[in-house]
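Keep in mind that what you see is a predicted model, and the values were worked out from it rather than measured. Below, all heavy atoms of this structure are taken into account, side chains as well, without hydrogens, waters or symmetry copies. Naming: A, B, ... by sequence-line order, numbering from 1 per chain.
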2 protein chains.
Amino acid sequence: MVDRQQLESRVRIDLTAVVVAVDAGQPYVLTVDTDDAPGIALPSGPLVPGHRTLQAGLRAWVEAQTKCRLEYIEQLYTFGDRTSSPMEAGEEIDHRAVSIAYLALVSMPTDQLEMQAHWLSWYALFPWEDRREGPSPLINDLHDRLLAPASQTVTRNKRVWRQRVDHIFGTGLLPWDEERALERYEMLYAAGLVEETHRDHDQPPPSASAAAAGVSLAADHRRILATGISRLRAKIKYRPVLFELMPPEFTLSQLQKTAEALSGIPLHKQNFRRLVEQQNLVEETGGVATDTGGRPAKLMRFREDVQLERPSPGLRVSANRRARARAS
Amino acid sequence: MVDRQQLESRVRIDLTAVVVAVDAGQPYVLTVDTDDAPGIALPSGPLVPGHRTLQAGLRAWVEAQTKCRLEYIEQLYTFGDRTSSPMEAGEEIDHRAVSIAYLALVSMPTDQLEMQAHWLSWYALFPWEDRREGPSPLINDLHDRLLAPASQTVTRNKRVWRQRVDHIFGTGLLPWDEERALERYEMLYAAGLVEETHRDHDQPPPSASAAAAGVSLAADHRRILATGISRLRAKIKYRPVLFELMPPEFTLSQLQKTAEALSGIPLHKQNFRRLVEQQNLVEETGGVATDTGGRPAKLMRFREDVQLERPSPGLRVSANRRARARAS
DNA sequence: CGTCTTATTCTCAGGTTGAGTATATGCTCA
DNA sequence: TGAGCATATACTCAACCTGAGAATAAGACG
């Protein structure tokens, strides 16, 4: 066996955070300003000896850079940095650094949003992911460009490529799957339809494409965010993580708005309500919210002991077909 | 902002593999012998400059140590090593190393199993996880020990603790959830009911407990394996990963046996079959297997183009209630 | 040829889910 | 003050899915 000590390479660990909050029915991600090109990045920093755990290191960096204190944290993925082509066959390692990405959820007091304008709406970065008002017309544009010969990457067969595009973007007759946010971003990257592709290859961006492709972030941070979005969209269906984003008291409508904000699709109101009640996830506080504009809504709170009771409590959200069709 | 360059700590990256195969209805994990105490470990090694990607590094180490060539690989989790208490509040970092764990699936030719006896059955390590013949009597023993005062860890309230135990181990009236393999191991670890607890705290193991607690591995490798088991048990329900473990041609019974081996629970034959057919995951090859002991079974093969077609093809396996009740 | 064993097909009741209708309740403003 | 508005909440229903099991098929073995 090889002598491990001599060969091993010591690398820097970068900790990167996708910090998510929802306010007024919009999903936000916490960002910081940078000096380099794109100007915006996710909070991140290297692991230093003072950090007792990886999560503690992450917390420290986020707090130092944004004053934001994290509660719920889960690990997302570890990237061998210096990504040249995401997804395909694993990325190249920059032997100087490996970055570990985390997803954090915070319940945002409204004032914090305005205080430091570092919260960026998800859908400024991924315009095609917001389908609450139906599929955005933008999707047709992207679809056309993906089918243009220049975009076709690995797959030779044109029919197979089209099928792959339709599958991932829910075009053709295939349904939209909101959980495929990461795959969609990676496909756009591979096809050269986002700014990062050209930046990573030291090419000038083709002037035309910028329009529909959304705001880009430093390094591979937009990809990391896409990973977080996909994970979160999947997770709300089987774990009660939604409540990490809610204030202590809320109405069922607010809860639904939050679920819709994250998943990017409209939900059927009555069924959403049935689901929440059946699962016994919430209880009435007794109070009512009168500022709804219509009949006052009962205020609810999360039942803390749910964690122990049910095998996997969550909201199996599924698109409201009528609303989906209405706007398309 | 702090000067990053001065503070950052460079650490070693360890790559660890959970390589899974199924043979004759038994799930196996690939292991290597070590000189240190427990004698058995998962294949692993440090990232070295020669490795072009993290996955390539993993492949190289596994191949060097076991001659086993990996196909399907996915990342499991990144651990800040030198685990003192898993789960609770994140583990302490050994600032010398961080380890990235991967799950790999291989289809095992029968001869390879015998050639190098480095394949260890999952259920030698986690006896309580095999409920194909109903819940093992062992579970009662574990249940009793977990409820003994000494085992109670963080939670003060006795009733809450009992509920947590019941929830995770499917005791009391609560159902068994095969996906909670990791939580079960971590609870046993925290309660001092597996050897690793005492080893990690430099205590002598209480002589009595060894019986039911299963074989242990080096470092935190048994925990990493538990992570892999949980992930795999969850994943077969929504992605067609099962086929990575199958030979090119197989019968539906073999497929079911494989699913049962992994999930550790008996499945309803007719419904399993219906699921596979509905989902269009397989096609007939034309051949039949005559060595079944009864009516010959049609041979099947995986339909490769499934990946593109369905949103999330997988087998939503669920326990056969009759079989579950029969043996309890 | 009867029996054993496994494979394969079919049925059925209960539950879940998507979708829609009906009713309740407070507010606003004529 | 009460009609209209806007939202909240309750109830209904058909289609589909799911768990469970009965019934039938096909080779092997004595």
*Among C:dG26, C:dT8, D:dA20, which nucleotide sits nearest the side chain of B:R274?*
D:dA20

*Between C:dG26, C:dA7, D:dA8, which nucleotide gets closest to the side-chain atoms of A:P296?*
C:dG26

*Using whole Å, report how far CD of B:E277 lies from P of D:dT18.*
15 Å

*Classify the nucleic acid contact of A:K298 as base, sugar-phosphate or nothing, counting any heavy atom under 4.0 Å across all strands shown.*
sugar-phosphate

*Counting only side-chain N and O atoms of B:R273, is one of them less than 4.0 Å from OP1 or OP2 of C:dT8?*
yes

_Tell me if the side-chain of A:R295 makes a donor-acceptor pair with the base of D:dA6, cut-off 3.5 Å, by modelled atom types._
no

*Whole-Å distance between D:dC29 P and B:D291 CG?*
12 Å

*How close or far is atom C1' of C:dG20 from atom CZ of A:F272, stated in whole angstroms?*
19 Å

*Spacing between B:L299 atom CG and D:dG27 atom P, to the nearest angstrom*: 14 Å

*Is the side chain of A:S230 donor-acceptor paired with the backbone N or O of A:E179 at a distance under 3.5 Å, no angle test?*
yes

*Of A:L142, A:I139, A:L138, which meets side-chain contact (heavy atoms from CB on, under 4.5 Å) against A:P127?*
A:L138

*Side-chain donor/acceptor of A:Y72 to backbone N/O of A:L245, under 3.5 Å*: no

*Looking only at atom types and distance, does a side-chain atom of B:R231 sit under 3.5 Å from a main-chain N or O of B:Q75, one as donor and one as acceptor?*
yes

_Whole-Å gap separating P (C:dT8) and CG (B:L252)_ = 6 Å

_Is the phosphate of D:dA8 approached by A:S253 (side-chain N or O, under 4.0 Å from OP1 or OP2)?_
yes

*Nearest-Å distance, NE2 (A:H268) to P (D:dT12)?*
15 Å

*Given atom CD of B:Q278 and atom P of D:dC17, what is their separation to the nearest angstrom?*
7 Å

*Whole Å only: how far is the CG atom of B:N271 from the P atom of C:dG14?*
17 Å

*Side chain of A:Q270, base of C:dT21: donor and acceptor closer than 3.5 Å?*
yes

*Could you check A:T290 against B:G294 and say which one's nearest nucleotide on DNA chain C is further toward the 5' end?*
B:G294

_For the backbone of B:E178 and the side chain of B:R184, can you confirm whether one donor and one acceptor N or O come within less than 3.5 Å of each other?_
yes

